[in-house]
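What follows is one structure encoded as structure tokens, with my remarks underneath.
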Amino acid sequence: MLVPLAHAQNLGEALQECPGTMTGSTQPQQIHLQMTDDATVMNVVWATEGRSMGEVEWNGQTAPSSDYCYNHDMAFHMASMTGLVPGEEVTYRVNNGGDWSDEFAFTPIDSSADHFEWISIGDHGDSSEAMDVSEAIIADNKAQMVTVSGDIAYADGEQSAWDNWFNFQQDSMTSIPWVTAVGNHENEPGYGFTPYEHRFDSDGQIESETFWYSRNVPGIHMVFMSTEHDYTSGSTQYSWLEQDLSSVNRDVTPFVIVYGHKPMYSSNSYHGSEVELRAALETLYVEQGVDLVIAGHDHFYERTWPVAGETVVTNGMDDRFARGYAPIHLVIGIAGRSAYEELDEPQPEWSAFRENSTYGWTRLVYDGDAREISFTHYRIDGTIGDQFILQEAPLTSNTGDGFLGVPGFGTLLPIMAMFGAAIRRLR
Ligand SMILES: [Fe+2]
Ligand SMILES: [Fe+2]
């Protein structure tokens, strides 16, 4: 359920927290959509130098914003556009004290559509390579969403870095939602998660952020979790994950993708596999049939085979996989930060493909007729680095089905038993 916008911060609080916002331009900037869990409601968040009351105007209606700030000389505003019709374009603009933004347009995602395209990135920042990625995203007029697997602006305590980052992405973020999982660089020296909590919003509450949540898009249930908060058994996040993953209706959304920052599987020598994360959550992901786990943190690209307990469960056939065996793990920390080039040797068996010195993004397409996802890793020079297809139906005998021979959940059970025993030995 969408939580109604909380009341605005009062003047006294603002004077204490952000005296720099008492003066300055009220021209809206850093305008970005924030996708709610209700397709008929889209939130928009923006910033102004000077503190003022804002509003959003869409489809001939207006709604006031909630206005707030933190220990930084920018005021923030959030407003809800309601009564939207999924699939029907909305034009809107925002205003503070008579200073109107340009007019923007977006189309609310219709989760019953039979086609959906989106871009997934990780570890972005503002390097020239990051700008190349941003420009590719802005130029992509078919993508309907961007996901970021954490390490977003790399402000690291320098708050103007966030301002610049949001302004640079504004051409994209005003027309399609960017949906984020939190990374370790969102936990900033001297600020903690406060800047992230004020600038991104998944829960419709100002000055707070829910660090684990899910969204439905055509064909896919997307989970955004936090590797930066407690995820162990018994934690609030673990209970939420268990409940969320077990409530997915696979007839409606055949695929489940988990976005998080640190990878369970990585053969990069810089960070490598986050073994505590794997010990805590891999069994849950396998049992709940998570299809893809998309992480960052190690600044390289890697794709695993469907894997459980470091055991390859299937090799698919010709870069085509049937869902239902075990998750494929991706590390896509290639959106702009300096590449971590040193890799573990030899390449682990579970690692299907890896690339250690390029930058880029990934692009996914859901085809509702075929009920399959096409995944492509693009480099910033436009060439393709890696590609695979994940389908709902079993691979037929003439396309083969990897070494297990017979597709289906049944074949997974012995693997899971083996894997469970391995996990118990680890404890
Ligand atoms: Fe990073
Ligand atoms: Fe990181």
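Remember, it's 1-based here, ligands and their atoms both numbered in the order they're listed. Excluded from the calculations below are hydrogen atoms, water molecules and symmetry mates; all remaining heavy atoms, backbone and side chain alike, are included. Position 1 is the first residue of the sequence; numbering continues from there. Because the structure is a prediction, the values reported are computed rather than measured.
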Under 2.8 Å from the Fe ion (ligand 2) - does any N, O or S atom of His271 fall there? no
State whether the number of non-hydrogen atoms from other residues, nucleotides or ligands found under 6.0 Å of Gln347 atom CD is greater than 12. yes
Among protein atoms, how many N/O/S atoms lie less than 2.8 Å from the Fe ion (ligand 1)? 4
Mind checking side chain to side chain donor-acceptor pair (under 3.5 Å) for Ser239 and listing every partner two or more places apart, or none if nothing turns up? none
Taking CD in Gln16 as the centre, count heavy atoms belonging to other residues, nucleotides or ligands within less than 6.0 Å. Is the count above 12? no
Look at the rings of Trp162 and Trp165 and say which category their plane angle falls in: under 30° parallel, 30 to 60° tilted, over 60° perpendicular. perpendicular
Just wondering, are more than 12 heavy atoms of other shown residues or ligands nearer than 6.0 Å to CD in Glu341? yes
Could you check whether Asp386 pairs with Arg303 (Lys NZ or Arg NE/NH1/NH2 to Asp/Glu carboxylate O, under 4.0 Å)? yes
